[in-house]
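Remarks on the structure that follows.
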2 protein chains.
Amino acid sequence: MVNKRSKNETKRKQILNSAIDLFTEQGYAAASMDLIAKNADVSKQTVYSHFGSKDDLFFAAIEQVCASLHILDLSMDDLSDPQHILLQLAQRFTEVITSKQACSVHKICAFESGAYPQVSDIFYQAAPLRVTNEVAQLMAKLHEQKILNIDNAWHAALQFLNMMKGELWMQIEFNTKERLTPQEVDDYLRDSVDFFIRGYAIK
Amino acid sequence: MVNKRSKNETKRKQILNSAIDLFTEQGYAAASMDLIAKNADVSKQTVYSHFGSKDDLFFAAIEQVCASLHILDLSMDDLSDPQHILLQLAQRFTEVITSKQACSVHKICAFESGAYPQVSDIFYQAAPLRVTNEVAQLMAKLHEQKILNIDNAWHAALQFLNMMKGELWMQIEFNTKERLTPQEVDDYLRDSVDFFIRGYAIK
DNA sequence: CAAAATAAACTAGACAGTCCAGTTTGATCT
DNA sequence: AGATCAAACTGGACTGTCTAGTTTATTTTG
């Protein structure tokens, strides 16, 4: 009926992006609403009119960033060369888990898992569970097609993914000064893929 | 001539314990010096006289708790039954990483790794690196004694330990509502030990 | 014109760190 | 042993800063 003016969707996105930046970079407590508003180029009041409270904004930000996490995208057409397929998967996985975005949101969700279990659950579902499911499907296909002998595809997926994290993930998690070279990482991945294939070889 | 009265070591310990409790439970920012003093049954001034600042107290607390982390304690005498040895190791490792103390300090060190790299480094050295080293020694012995065929003991240790974390660790890290049953965990560990042995079996 | 957005001031509470006035403690000196 | 003295300790008040969230008066815009 009356021509009601709707809130500006662009501003909502600006606020959300600013919130994502600050929350993931600094954590919940250290990110202030004043700065979020300022970085969004928006008044503080507008922030509160779009998102009722800091908590609400936090949820929305984490939800948004989890939804946008790009994931493995496995193609499962030609599995005849498992060595090649699995190495690619391992390399792709390494890229994903070392991306700045994924690391930041992982860190904050793990830290706030006590105070905000909803938030860490969103991440858990969106990232590790989702990826493990994808990989488990691949494992199941490798078994079906008698390329590898994998009794329990879910276990195999967990083993594979956790294994590939290796030392690199610890170094990122604890922000160590020294880092593995890309060569060392690649060596580890290749070693691990070979090991995986030996462990699940058809006998 | 000059009067020397030394600070009360008991109070220092009370303060440190209180700080460890609060920092590990609530994180650096959320733990207030007032509450630390109160829980230590000590005046705020005494806290500042023993530890100059909140940062100093934080470092001391993390250092203390890392030093006290009990670790694997492998006995490497009779390795003739690798299946048994490795399963025990896996079970012991699972206990260690699921202990409340280890989880709390892991969480806070990972979270503060940006703002306080010294702190996360202390943990990194004290826990994951130390354990991996221990296990790598075991792997090397298994190779020497021709029980398993392990080219790269360091890689094998990383593979083994990361693999054993499995789904359980993710659930703890993200404080999920649903948890694996002890039976499910044990099944996974046994599966993984078998897989590991197959992958590194002597031809 | 009415809803949306703005800037800026404001409230109320928390926190790190300091200050202070008075009390306890324990080592040293007589 | 008793007097002395400096340092440790106490509790509470205080400063300055920061924060979430609110209010208000004004401007923009569909």
Show me the side-chain donor-acceptor pairs of residues 57-67 of chain A shorter than 3.5 Å, one per line, residues at least two apart or across chains.
none

Item to complete: Specify whether B:F196 and A:F195 have parallel, tilted or perpendicular ring planes, treating 30° as the upper limit for parallel and 60° as the lower limit for perpendicular.
Response: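 Because their plane-to-plane angle is over 60°, the rings of B:F196 and A:F195 count as perpendicular.
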
Worksheet item: What class does the angle between the rings of A:H106 and B:F174 fall in, given that below 30° is parallel, 30 to 60° is tilted and above 60° is perpendicular?
Response: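 Judged by the thresholds at 30° and 60°, the geometry between A:H106 and B:F174 is perpendicular.
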
Quickly work out the [X] [atom1] to [N] [atom2] distance and round it to whole Å.
{"X": "A:F23", "N": "D:dT19", "atom1": "CZ", "atom2": "C1'", "result": "13 Å"}
{"X": "B:Q14", "N": "D:dC9", "atom1": "CD", "atom2": "P", "result": "10 Å"}
{"X": "B:K54", "N": "D:dT17", "atom1": "NZ", "atom2": "C1'", "result": "14 Å"}
{"X": "A:R12", "N": "C:dA4", "atom1": "CZ", "atom2": "P", "result": "13 Å"}
{"X": "B:E9", "N": "C:dG26", "atom1": "CD", "atom2": "P", "result": "15 Å"}
{"X": "A:Q26", "N": "D:dC18", "atom1": "CD", "atom2": "C1'", "result": "14 Å"}
{"X": "A:K11", "N": "C:dA4", "atom1": "NZ", "atom2": "C1'", "result": "9 Å"}
{"X": "B:Y48", "N": "C:dC20", "atom1": "OH", "atom2": "P", "result": "17 Å"}

From the options [options], select the nucleotide whose nearest atom is closest to the side chain of [X].
{"X": "B:Q45", "options": "C:dT18, D:dT22, D:dG21", "answer": "C:dT18"}
{"X": "B:H50", "options": "C:dT6, D:dC9, C:dA16", "answer": "D:dC9"}
{"X": "B:T46", "options": "C:dA5, D:dT10, C:dA16", "answer": "D:dT10"}

Practice prompt. With a 4.0 Å heavy-atom cut-off, tell me which residues in residues 31-43 of chain A come close to DNA chain D, sorted by residue number.
Written response: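 Heavy-atom cutoff 4.0 Å gives A:A31, A:S32, A:M33.
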
Practice prompt. Sorted by first residue and then second, give each salt bridge (Lys or Arg N to Asp or Glu O under 4.0 Å) pair with at least one member in residues 120-140 of chain A; sequence neighbours left out.
Written response: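 Listed once each, the pairs would be none.
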
Discussion item. Looking at the base of D:dG21, is there any donor atom on it, or on the side chain of A:K44, that sits under 3.5 Å from an acceptor on the other one?
Written reply: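 When only heavy-atom distances are counted, A:K44 does reach the base of D:dG21 through a donor-acceptor pair under 3.5 Å.
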
Discussion item. For a quick test of reading the model, state the closest non-hydrogen atom pair linking A:A157 to A:M139 and the distance between them.
Written reply: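 Answer, listing the atom of A:A157 first, then A:M139: N-CG, 4.1 Å.
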
Discussion item. When you compare the side chain of B:F23 with that of B:V105, does any pair of heavy atoms fall below 4.5 Å?
Written reply: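 Result no, sub-4.5 Å side-chain heavy-atom pair not found.
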
Worksheet item: Does the separation of the ring centres of A:Y28 and A:F111 fall below 6.0 angstrom?
Response: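 Between A:Y28 and A:F111, the centre distance exceeds or equals 6.0 Å.
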
